[in-house]
Undergrad: 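Quick one: structure below, then a few questions.
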Amino acid sequence: MSLLTFAMLYVADLSAKLFGLKRSPPPFLFLLTLKSHFQKYLYRGVNFASGGSGILRETGSNLITQFTSVRDNFTAMIGPAATEALLSKSLFFISVGSNDIFDYFSSKCKTPEEKFISNMISVYCKHIKNLYRLGARKFGIINVPAVGCCPSQRLVQKQINGFNNVDSACCGTGTLNAQGRCNLTAYLCPNRPDYLFWDLFHPTQKASNLSAQTLYNGPQYYVSPINFAQLAKNN
Ligand SMILES: *[C@@H]1O[C@H](CO)[C@@H](O)[C@H](O)[C@H]1NC(C)=O
Ligand SMILES: *[C@@H]1O[C@H](CO)[C@@H](O)[C@H](O)[C@H]1NC(C)=O
Ligand SMILES: *[C@@H]1O[C@H](CO)[C@@H](O)[C@H](O)[C@H]1NC(C)=O
């Protein structure tokens, strides 16, 4: 089994642990720097994630190019049939889309919301079909989270709804600690496990752990049609 992840999240690290891996799959760009041991590392899976990735951003199509290159490397090593067999048993975890939605709102884009979302979905489907065409079969598609719950977006809504401390980021400045980024001089909360958000966008270790546990073992209400543990087993 090989784990290929497309999620730039601590959730990916924690999920790798739940699958019994000692550490997260190495990043694709790290593989490119290897002069030796390339083969050994390739079998640990590959992380194609990137900071600030998006479906409609450049990173969306980059990942197909990068995955194609890894597939070529396996083909050169073990031949096409064994590569096909390996990829069909490998897990492909993809978590992307929030940044596209943040981009939409921050750009004051004139496209109607429904049209924007349907375009995003059609580009997403195109990428998934490409991965399928290249041999991927087992997908763990992580939904775009409720981005409106991020402290950054709460800040915009607070005039309408009111808010409480659960909505606040652990580290940052201003209202909800969401007006300025977490940096050396920002406020830092005393007890991180009480918070779901680390800064104005990103989840805490506590929240990431809850997500990882749920994706791995959770009930159908949260992860369907099967959870990640079942996906890994079900060969
Ligand atoms: C992996 O495949 C890519 C694309 O075909 C190629 O450029 C690269 O040299 C290969 N790496 C190794 C170590 O074989
Ligand atoms: C931290 O962020 C605040 C508000 O965004 C800014 O005023 C301050 O200069 C920053 N401090 C550092 C050390 O970057
Ligand atoms: C994640 O949660 C589990 C179960 O609650 C706990 O045993 C584990 O230590 C946590 N891991 C991290 C990294 O927080």
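If you're wondering where the values come from, they're calculated on a predicted model, not measured in any experiment. Hydrogens, waters and symmetry mates are skipped; everything else that's a heavy atom, side chains included, is used. Counting starts at 1 for both ligands and their atoms, following the listed order. Index from 1, following the sequence.
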Undergrad: Ring centres of Phe228 and Tyr216 under 6.0 Å apart?
TA: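 No, the ring of Phe228 stays outside the 6.0 Å limit from the ring of Tyr216, centre to centre.
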
Undergrad: Given side-chain contact (heavy atoms from CB on, under 4.5 Å), test Phe197 with Ser168 step by step and report yes or no.
TA: CA-CA 7 Å; Phe197 286 94; Ser168 173; over 6 Å; no

Undergrad: Relative to the heavy atoms of Gly180, which atoms of ligand 2 are at a distance of less than 4.0 Å?
TA: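 Those of ligand 2 that fall under 4.0 Å from Gly180 are 5 (O).
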
Undergrad: Before signing off on this row, confirm whether Thr185 and ligand 2 have an N or O atom pair separated by under 3.5 Å.
TA: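 Looking only at distances, the answer is yes, because the N/O contact criterion of under 3.5 Å is met.
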
Undergrad: Verify the distance criterion only: is there a donor paired with an acceptor across the side chains of Thr175 and Gln179 at less than 3.5 Å?
TA: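 Side chains of Thr175 and Gln179: pair found under 3.5 Å.
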
Undergrad: Would you find a donor on one side and an acceptor on the other, under 3.5 Å apart, between the side chain of Tyr222 and the backbone of Ser211?
TA: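 No; judged by distance alone, with no hydrogens or angles, the pair does not exist.
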
Undergrad: List the closest protein heavy-atom neighbour of atom 13 (C) of ligand 3: residue, atom name, distance to the nearest 0.1 Å.
TA: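 I find the closest protein heavy atom is Gln205 NE2, 3.3 Å.
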
Undergrad: For atom 5 (O) of ligand 1, grab the closest protein heavy atom and report residue, atom and distance to one decimal in Å.
TA: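 The protein heavy atom lying closest is Asp72 OD2, 3.5 Å.
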
Undergrad: Would you mind checking which non-hydrogen protein atom is closest to atom 4 (C) of ligand 1, with the distance to 0.1 Å?
TA: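 Looking only at protein heavy atoms, the one closest to atom 4 (C) of ligand 1 is Ser69 CB, 3.8 Å.
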
Undergrad: Give the atom numbers and elements of ligand 2 that come within less than 4.0 Å of a heavy atom of Asn183.
TA: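 Listed by number with element: 1 (C), 2 (O), 3 (C), 8 (C), 10 (C), 11 (N), 12 (C), 14 (O).
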
Undergrad: Are any of the protein's heavy atoms under 4.0 angstrom from atom 7 (O) of ligand 2, yes or no?
TA: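 Not a single protein heavy atom is under 4.0 Å away.
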
Undergrad: Enumerate the atoms of ligand 3 whose separation from the nearest heavy atom of Gln213 is less than 4.0 angstrom.
TA: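 Counting atoms of ligand 3 from 1, those under 4.0 Å from Gln213 are 1 (C), 2 (O), 3 (C), 4 (C).
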
Undergrad: Taking 4.0 angstrom as the limit and counting only heavy atoms of Asn73, give me the atoms of ligand 1 inside it, by number and element.
TA: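 Once the distances to Asn73 are compared, the set is 1 (C), 2 (O), 3 (C), 8 (C), 10 (C), 11 (N), 12 (C), 14 (O).
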
Undergrad: Establish, for the pair Arg44 and Tyr41, whether the NZ or CZ atom is under 6.0 angstrom from the six-membered ring centre and no further than 45 degrees off its axis.
TA: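 Checked: cation-pi criterion met.
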
Undergrad: Between Tyr132 and Phe139, does the ring centroid distance fall short of 6.0 Å?
TA: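 Aromatic pair excluded; centres sit 6.0 Å or further apart.
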
Undergrad: Does the SG-to-SG distance between Cys189 and Cys171 fall under 2.5 Å?
TA: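 Not so, these two cysteines form no disulfide.
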
Undergrad: Is the distance between the ring centroids of Phe105 and Phe116 under 6.0 Å?
TA: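 For Phe116 and Phe105, the ring centres are not under 6.0 Å apart.
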
Undergrad: For atom 1 (C) of ligand 3, grab the closest protein heavy atom and report residue, atom and distance to one decimal in Å.
TA: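 Answer, as residue, atom name and distance: Asn209 ND2, 1.3 Å.
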
Undergrad: Which ligand 3 atoms, with their elements, are less than 4.0 angstrom from a heavy-atom of Leu14?
TA: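 Counting atoms of ligand 3 from 1, those under 4.0 Å from Leu14 are 13 (C).
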
